[in-house]
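Single-structure report; data block below.
Below, chains carry the letters A, B, ... as their sequence lines are ordered, and counting in each starts from 1.
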Amino acid sequence: MKKIINDPATVVVDALRGMALAHADLLDVQYDPAVVVRADAPVPRKVAVISGGGSGHEPLHGGFVGRGMLDAACPGAVFTSPTPDQVAAAVARTDGGAGALLIVKNYTGDVLNFETAAELGAADGVDVRTVVIDDDVAVKDSLYTAGRRGVGGTVLLEKIVGAAAERGVDLDGCEALARRVVSQVRSMGLALTACTVPHAGEPSFTLGDDEMELGIGIHGEPGRRRVPVGPADELVPALLDPILEDMPLGEGGRVLLFTNGMGGTPLIELYLAHGIAETLLAERGVAVERRLVGPYITSLEMQGMSLTVLKLDDEMVELWDAPVHTPALRWGV
Amino acid sequence: MKKIINDPATVVVDALRGMALAHADLLDVQYDPAVVVRADAPVPRKVAVISGGGSGHEPLHGGFVGRGMLDAACPGAVFTSPTPDQVAAAVARTDGGAGALLIVKNYTGDVLNFETAAELGAADGVDVRTVVIDDDVAVKDSLYTAGRRGVGGTVLLEKIVGAAAERGVDLDGCEALARRVVSQVRSMGLALTACTVPHAGEPSFTLGDDEMELGIGIHGEPGRRRVPVGPADELVPALLDPILEDMPLGEGGRVLLFTNGMGGTPLIELYLAHGIAETLLAERGVAVERRLVGPYITSLEMQGMSLTVLKLDDEMVELWDAPVHTPALRWGV
Amino acid sequence: MECTAESVAEALRAVAAVVVEHRDELNRLDRAIGDGDHGENMARGFTALVSKLDDHVPSSPGGVLKLVATTLISTVGGAAGPLYGTAFLRAATSVGDVASLDGAVVAAALRAALDGVVARGKAELGDKTMVDALTPAVAMAESVAVGGGVAEVLSAAADAAELGADSTVPLVARKGRASYLGERSAGHLDPGARSTSLLLRTFAGRAR
Amino acid sequence: MECTAESVAEALRAVAAVVVEHRDELNRLDRAIGDGDHGENMARGFTALVSKLDDHVPSSPGGVLKLVATTLISTVGGAAGPLYGTAFLRAATSVGDVASLDGAVVAAALRAALDGVVARGKAELGDKTMVDALTPAVAMAESVAVGGGVAEVLSAAADAAELGADSTVPLVARKGRASYLGERSAGHLDPGARSTSLLLRTFAGRAR
Ligand SMILES: Nc1ncnc2c1ncn2[C@@H]1O[C@H](COP(=O)(O)OP(=O)(O)O)[C@@H](O)[C@H]1O
Ligand SMILES: Nc1ncnc2c1ncn2[C@@H]1O[C@H](COP(=O)(O)OP(=O)(O)O)[C@@H](O)[C@H]1O
Ligand SMILES: [Mg+2]
Ligand SMILES: [Mg+2]
Ligand SMILES: [Mg+2]
Ligand SMILES: [Mg+2]
C-alpha cells in the first residue's frame, strides 16, 4: 500500500485539516465530533440539508457543503458510516428553525446511524426528516438483500434539494422533492482495479489482469459479477442498459447524464465513456439536457466509473442550474 | 493494461468527442487538425491565449478553454506534443486582431513544434509571441539538460494570463505578465506508481512496493531519484524544500499554493498533503493567500502529487480571482 | 465470583484486548464479503471504552453496560455501532440497577440484547449476521440459567455462539453489505457473528 | 539503378513498413529514457505518408522529400516531428528539382539534413540524440560519394549510422527528455539514433 498519509488512524482528521485550510471561506470544520459545516450556518429560516457517510468518497460529501447544496456533512472513518452524535451535532449546528433533511445512502450502517440521530434530533425539538437514496441497479431490491445501495444519484440529489432549500422551499417541499429525485435516478458502476483502505493495508479484492467487477459499489466491496474487460464500446452499454431497463424513459425522455470516475480513472477515459453514453442515449431518442463528468463520488484510488441517469422535469432543471458554491461544484456565483 | 478505451490509436479523438458533448456551451471542438476552441472565438480585439501539449494531462489544457482563460488548446497524441498545423489552426481560429500568446511547456518537442507554428502564424500576419514555462525544480537548468520542464505552474500561468487578456490587456502586457509569472513560480512532483500510455500497453517504469520516484515529470518519465515511500510528513517537505530553496520568499512572502494530484491519487490524500504544506509555509512566515487543490495537471492514472508555489503580487491576486468559466475551473460567473 | 460493576469493567477491558488482538482477522473476514473495516470499527469502539473506564467506572453493572452502549454508538459507526450499541443498551435496561449479576440476570440481559439487535437490524436467523451467533447463545444461556451461575451461563452462551458463528459459513447473506454479493457470500464466516462469539468467549473466560 | 521520384517513393514505403515493424522496439527504447512514444510517433508519421503517396507521387525526388517533410511535421509531433521534418525539408531543398539522384546529390542532401537537425535542435555530437547517428553517416557518405553511386553512399551512411547509434549507449543524455534522467540515462540506446539508422539502412537496401 502506497499512500500519501501519516497514520491510518488519523487520515480523516488530517485530511479535514487540509480541507479546512484550503476552503476557509466556505467551510467551518469541527473535529469532535467531526462535522464539515457551511461557513455561514445556521441560515435562518432555511431547511438544513445534511448528509454524510464513510470517508474515502471525496469530494462527497464535504466537498458539497456550501451555498446551494449541503449545510453540513458528517465524515465517518474511511468507508464507515458516521456516528449518530456527528449527525446530531450537524443538526444542532445548522438548524435555522425550518427543520433538517438528512440525505442517507442506503447501507445498513448509514441507515441505522442516521436513524438513531434522527431520534436524537427530534428529541431536541428539531423537525428532522430522513430520505434514503438507493439508486444502484446492480443490487436487486428484494427481501434477500439490504436493498439497493446509494451511489452516484446522491450527488445529484444533494445538488437539487440543496438548491430548493436555498430558495426557501420548506421541509415538506424539500422532502417531497428528494423522494421524487430518488424515484427518478438510477446508477451502475464498474471497477477495473480494487482500492486499499488505509488501515487494511491491502486491496479489498484482487482482479486479474483482464478482469473487471461489474456492478461495483463505492466501498471496495466486490460487484455483481466478474467479467473480462472489453472495449469502452462494450463497457458503457454494460452500465447503461441495466439502468435503462430499470427506468423506462421512452422517446422524448429528458435526462441528466452523470459520468463519474471512481477516483483512479483519468478524465480522458471519463470523457471518452461519456461520449459513448451520450451517443447511445441520443440513439434511443433520449434527450441529454444536462451533464456532469468527473470524479465526484469515489472509492479512494479505485479505477473505474459509474453512470447515473436522472429523469428530469422543468423544476429539476431549474434547480440543477441554480447557483452553487462549494469546494467541488461551483457555478452561478 | 486496463483502460476504458476502444482503440489506443483513437483515444484522443474519442475523448474529444465526449468533451464536446459534455461542454457544448463552452467549447467548439475541431478534429482535423484537433483544436479545442472557446465557443465564442474569435473575441474581437482580445489577445488570443493558446496552449497545448500532449494529451493524458487532463483537464490540462482543453479543460481550461473558456472565458477568462484559454482561447484554444491543441491536444497532441498521448504524451506527445501537438503538431505545428494544430497550433496554426488555433491561431487562425481565435485571432481577434490583437495577436496571440502561445503558452508552451518546456519540452524539446513542444518548443520545436510551437516554434514552427509561430513562424507560420507570423507569416500569416498575426503577431504571435511564445512564452515557455519551466517551473520544475527537479530538473537542473543547465547546458547539460533540455532545461526545466513545464509542470504545475502552467495551470496558474494560463489562469492569470487568460484573465489579463479577458480584461483587454494588450499582447505586450500579456507577454510581460506571463514572463513575470514564469519567473515567480516553482513546482516539484513525486509518483507512487507509474502510468501506462495506451499504445504502449505497459507502464513506463516499475516501482517496488515501497518505492517512489521523487522529481517526476508529467509524462511517466522516471524522476530525479528513487527513494523509499515515507509518511506524508516526509513526502511533503521533500517537495516543498527544493521549491523554497530555489525561490527565496523571505518573511512576509505571499503565495498561491497549488496541491496537484497526478490523476490516480484520491482527493483525501491531496487535502491531507495540502494541510501539511500550508502549515509548513505558515511556520516559515509565508502567507498562503490563495490555493488550488485537485487533479489539474495529471499523468493519466499515475498516483502521486506535485506542489506548486507562486509568489503573488496584488495584480496576480486580482487576476487569479477574476471570473473564469471553463470545464475545469469556474468562478465569478 | 461476584459480578459487580468493577468485575464487569474488568471483563470489558479483557474484551477490548481481545478485539484489538483480532482486529486484523475481523478486517480480513469483512474484506471477503464486506468492506474490510469490522475489526477497525470494533477496535476503535472498545479502545475508546477503555479510556472512558480509565476515567471512571460507573457504580452498577447496568451503569457500565450503558457506558458501553453510548461509547460504541458514538465511536464505532458502520452497522456494528448501532447494533452492538443497541444490544448493550437493552442489556443495561434489562439489568437495571442491581449491584451484582447472577446467571438469570445475565441470561435475561442476553435475551434483551438479541431482541434489540433484531429490532434495529431486522435480521432473521440464517441471514448470515451476528444474529446467527447470538440467537443460539441466548437459547443456551436461558436453559443453563435454570440453576446455573454467571460462569456457566456465559460459558454455554459462548459455546453456542461459536457454533452459531461457524454455521454462517455456508449461508448466503441477506442482510448487511454481504448481501450485495448474493451467492458469492457463501463460503465465508460472517465477521459480526465472529465478533459476537469472541465477546461472549471473553466474558465467559473472565467469569470463571 | 536510377533514383527517380518513383523509386524514392518506393523506398519510403519500405521505410514505413520497417518503422511499423520496429514500432514496439522504438517505444521500448523510449520508455527506458524518455516517454515511450517514439515508435508510435514515427509509425503515425510514416503511415500518413504512405496514404499520401497512394494518392499522388510528386514528380521529382525533391518533391517527394518535401512531401515527407510536411507530412512528418503535421503528423508526428514530439521532438522527432520537427527534427525529422526539418531534415527532410533541408534535404529536399538541397536536392532541388533534379529528376534523378546520384551519389554526390545524396551525400549533399544528408549533410543538409544534418545541418537542419542541428539548427533546430541545437544538439552536439555526444549529446545522445539522433545527431550521434547522423553525423558519422554524413561523414562516411561524403567520403564515399567521391566516385561512389547512390547505393554505395547510402550503404556507407547506414553502416556509420549503426555504429553511431550504438555509440549512444554509454552516453549521458544532454538533450531531449532523456536529459532529465542525468546519469541514469547511461546504458541505453537512444531511440532517435536508432530510428535514424533504421531509415538509412532501409534506404540503402532499396538502392541496391
Ligand atoms: N441488519 C443486520 N442485522 C444484524 N447484523 C447485521 C446487520 N447488518 C450487518 N450486520 C452485522 O454487521 C457486520 C458488519 O459490521 P461492520 O463491518 O462493522 O459494518 P459495515 O457493514 O457498515 O461496514 C456483519 O458482519 C453482520 O454480522
Ligand atoms: N535537441 C535535440 N536534437 C536532436 N535530436 C533530439 C533532440 N531532442 C530529442 N531528440 C531526439 O528525439 C528522440 C525522441 O523523439 P520522440 O520520442 O519522438 O519525441 P519526444 O521526446 O517529444 O517524446 C530522442 O531519442 C532523440 O534522438
Ligand atoms: Mg463499513
Ligand atoms: Mg513524447
Ligand atoms: Mg464492514
Ligand atoms: Mg518520446
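- For L235(A), the part lying under 4.5 angstrom from a heavy atom of chain B is the side chain only.
- Among all heavy-atom pairs drawn from I268(A) and G56(B), the shortest one is CD1-N, 4.1 Å.
- Of the listed residues (L207(A), V288(A), L272(A), L300(A)), the one with the most heavy-atom contacts under 4.5 Å to chain B is L272(A).
- Looking at V333(A), only its backbone comes within 4.5 Å of chain B, counting heavy atoms on both sides.
- Here the CD1 atom belonging to I5(A) is positioned 10.5 Å from the CD1 atom belonging to I276(B), to the nearest 0.5 angstrom.
- Of the atoms belonging to P327(B), it is side-chain heavy atoms, and not backbone ones, that fall under 4.5 Å from chain A.
- Ranked by heavy-atom pairs under 4.5 Å with chain B, the first of G230(A), G263(A), G18(A), A232(A) is A232(A).
- Between chain B and the residues L257(A), V12(A), L270(A), L267(A), the largest count of heavy-atom pairs under 4.5 Å involves L267(A).
- Chain B forms the most heavy-atom pairs under 4.5 Å with one residue out of G304(A), G275(A), P266(A), and that residue is P266(A).
- In this structure, the portion of V293(B) lying under 4.5 Å from any heavy atom of chain A is its side chain and not its backbone.
- Separating the CD1 atom in I4(A) from the CG atom in L190(B) is a distance of 5.5 Å, to the nearest 0.5 Å.
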Using only distance, no hydrogens or angles, which N or O donor-acceptor pairs sit under 3.5 Å between chain B and chain A?
unit_1  : atom_1 : unit_2  : atom_2 : d
K2(B)   : NZ     : L192(A) : O      : 2.7
K2(B)   : NZ     : G208(A) : O      : 2.9
K2(B)   : NZ     : E211(A) : O      : 2.9
I4(B)   : N      : E269(A) : OE1    : 2.9
I5(B)   : O      : A232(A) : N      : 2.8
N6(B)   : OD1    : A232(A) : N      : 3.1
N6(B)   : OD1    : D233(A) : N      : 2.8
N6(B)   : ND2    : D233(A) : OD1    : 3.2
N6(B)   : ND2    : D233(A) : OD2    : 3.2
L21(B)  : O      : R291(A) : NE     : 3.3
H23(B)  : NE2    : Y271(A) : OH     : 2.7
L192(B) : O      : K2(A)   : NZ     : 2.6
G208(B) : O      : K2(A)   : NZ     : 2.9
E211(B) : O      : K2(A)   : NZ     : 2.9
A232(B) : N      : I5(A)   : O      : 2.8
A232(B) : N      : N6(A)   : OD1    : 3.1
D233(B) : N      : N6(A)   : OD1    : 2.8
D233(B) : OD1    : N6(A)   : ND2    : 3.2
D233(B) : OD2    : N6(A)   : ND2    : 3.2
E269(B) : OE1    : I4(A)   : N      : 2.9
Y271(B) : OH     : H23(A)  : NE2    : 2.6
R291(B) : NE     : L21(A)  : O      : 3.3
G332(B) : N      : V333(A) : O      : 3.1
V333(B) : O      : G332(A) : N      : 3.1

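- Both the backbone and the side chain of V11(A) come within contact range of chain B, judged by heavy atoms closer than 4.5 Å.
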